[in-house]
**Q** 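Please see the structure below; I have some questions.
Just so it is clear, the values below take in all heavy atoms, side chains as well, and ignore hydrogens, waters and symmetry mates. This structure is a prediction, so every number in the text was calculated from the model and none was measured.
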Amino acid sequence: MTIKLEQLPATLQRGVGRSYLISGDETLLVEEGADAVCGAARQAGCSEREIIEISSQGDWQQLLQSAGAMSLFAERKLLEIRLPTGKPGTEGSKALQEYLSSGGEDVLLIIAGKIDRQSQRAKWFTRLDQEGVVVTVWPVSRRELPSFLTQRLKAAGLTIDRDAVQLLADRVEGNLLAAAQ
């Protein structure tokens with residue numbers, strides 16, 4: 001199921017699914033989405049978290065080994081895969097499909113860069129979309145930035161006038177990490 005980032009908290013409140021894919025070029029928003037999944041997984045009993053950084057094709061064996069390894073202390077664990085390129089390749093595609101077929105209790109979270117149209121038609125992506133939750137994070141446009149900043153400031157309990165928001169938007173130049181600071 002493909003959802004927007006804004007829909008993720010409500011989706012997580014209904015229960016933690018088995019797999020999540022959060023992708024996009026907006027680092028701050030991708031990380032916030034991943035943090036939301038991690039928090040919900042922790043509340044759902046995932047007391048262990050394992051991070052797998054994919055930098056070469058051989059790294060995918062870690063996923064299958066981790067999925068097959070029982071934990072001594074945790075009933076469920078969160079397997080977090082960091083995929084900067086947004087493309088798992090042939091070996092990664094097979095590993096992801098094998099993991100999804102295993103039927104385990106663990107929660108899989110994939111944090112990826114922007115995923116292109118070709119990859120969105122691949123078997124691994126369509127399977128994740130059918131069996132899990134896919135969140136594509138779109139960049140905040142220059143036109144949307146002032147309202148985005150205003151919402152963030154309101155959420156932090158701050159108020160700001162229109163000129164100050166515009167000045168802030170001009171200064172951060174679309175860099176949401178700088179705006180968050």
**Q** Is there a side-chain contact between Phe148 and Leu153, using heavy atoms and a 4.5 Å cut-off?
**A**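 Phe148 does not reach Leu153 side chain to side chain.
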**Q** Looking at side-chain heavy atoms only, is the closest gap between Glu50 and Glu80 below 4.5 Å?
**A** no
**Q** Would a distance-only check, ignoring hydrogens and angles, find a side-chain to backbone donor-acceptor pair under 3.5 Å from Gln97 to Lys94?
**A** no
**Q** Does Tyr99 belong to the same Ile/Leu/Val/Met/Phe/Trp/Tyr cluster as Val107, with side-chain heavy atoms less than 4.5 Å apart forming each link?
**A** no
**Q** Quick check against the 3.5 Å criterion: does Arg49 have a side-chain atom that pairs as donor or acceptor with the backbone of Leu78?
**A** no
**Q** Out of curiosity, Leu128 CG to Leu96 CG, how far, rounded to the nearest 0.5 Å?
**A**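 Interatomic distance, Leu128 CG to Leu96 CG, rounded to 0.5 Å: 6.0 Å.
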**Q** Quick one: closest heavy-atom pair of Gly15 and Tyr20, and the distance?
**A**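 Looking at all heavy atoms of both residues, the closest pair is O-OH, 3.9 Å.
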**Q** Sort and list the pairs that fulfil side chain to side chain donor-acceptor pair (under 3.5 Å) and have at least one residue in residues 28-43, not counting sequence neighbours.
**A**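 Sorted pair list: Glu31-Arg82, Glu32-Arg152.
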**Q** Asp129 and Thr126: side-chain donor and acceptor closer than 3.5 Å?
**A**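 Thr126 and Asp129 do not have a side-chain donor-acceptor pair below 3.5 Å.
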**Q** Just verifying a value: how many Å separate Gln13 CD and Leu8 CG, rounded to the nearest 0.5 Å?
**A**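 Going from the CD atom of Gln13 to the CG atom of Leu8 covers 10.5 Å.
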**Q** Do Leu177 and Ile111 share a hydrophobic cluster (ILVMFWY, side-chain heavy atoms under 4.5 Å, transitive)?
**A**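 In one cluster: yes.
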**Q** What are the two closest heavy atoms between Ser23 and Gly113, and how far apart are they?
**A**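 Between these two residues, the closest heavy atoms are CB-O, 3.3 Å.
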**Q** Does Glu144 form a side-chain hydrogen bond (donor to acceptor under 3.5 Å, both in side chains) with Ser141? I'd like the steps, not just the answer.
**A** CA-CA 5 Å; Glu144 297 168 325; Ser141 73; 3.2 Å; yes
**Q** Regarding Glu98 and Ser101, do their side chains bring together a donor and an acceptor under 3.5 Å, going by distance alone?
**A**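 No, because no side-chain N or O of Glu98 sits under 3.5 Å from a partner of the opposite role on Ser101.
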**Q** Distance-only, no hydrogens or angles: does the Ser93 side chain make a donor-acceptor pair with backbone N or O of Thr90 under 3.5 Å?
**A** no
**Q** Is there a donor in the side chain of Asp170 and an acceptor in the side chain of Gln166, or the other way round, less than 3.5 Å apart?
**A** yes
**Q** Within the structure provided, determine whether Phe125 and Val134 are in side-chain contact (heavy-atom separation under 4.5 Å).
**A** yes
**Q** Considering only heavy atoms from C-beta outward, does the side chain of Leu79 approach that of Leu109 to under 4.5 Å?
**A** no
**Q** Do Val135 and Val16 land in one hydrophobic cluster if side-chain heavy atoms of ILVMFWY residues count as linked below 4.5 Å?
**A** yes
**Q** Once rounded to the nearest 0.5 Å, what's the spacing between atom CD of Glu26 and atom NZ of Lys114?
**A** 12.0 Å
**Q** Within the 4.5 Å heavy-atom criterion, are Val30 and Leu28 side-chain neighbours or not?
**A**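 Not in contact.
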**Q** Can Ile22 be reached from Trp124 by stepping across I, L, V, M, F, W or Y side chains whose heavy atoms are under 4.5 Å apart?
**A** no
**Q** Rounded to the nearest 0.5 Å, how far apart are OG1 of Thr27 and CG of Leu176?
**A** 9.0 Å
**Q** Going from NZ on Lys77 to SG on Cys46, what distance comes out if it is rounded to the nearest 0.5 angstrom?
**A** 10.5 Å
**Q** Are Ile115 and Lys87 packed together at the side-chain level, in the sense that at least one heavy-atom pair is separated by less than 4.5 angstrom?
**A** no
**Q** Side chains of Ser19 and Leu100, heavy atoms from C-beta outward: is any pair under 4.5 Å?
**A** yes
**Q** Atom CD1 in Ile3, atom OG1 in Thr136: separation rounded to 0.5 Å?
**A** 10.0 Å
**Q** Determine whether a donor-acceptor pair (N or O, by modelled atom type, separation under 3.5 Å) exists between the side chain of Thr150 and the backbone of Pro146.
**A**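 Side chain of Thr150 to backbone of Pro146: a pair is present.
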**Q** Linking I/L/V/M/F/W/Y whenever any side-chain heavy atoms sit under 4.5 Å apart, do Leu29 and Leu12 land together?
**A** yes
**Q** Contact between Leu149 and Ile160 at the side-chain level, heavy atoms closer than 4.5 Å - yes or no?
**A** no
**Q** Below 4.0 angstrom, N of the basic side chain to O of the carboxylate: do Arg18 and Asp106 qualify?
**A** no
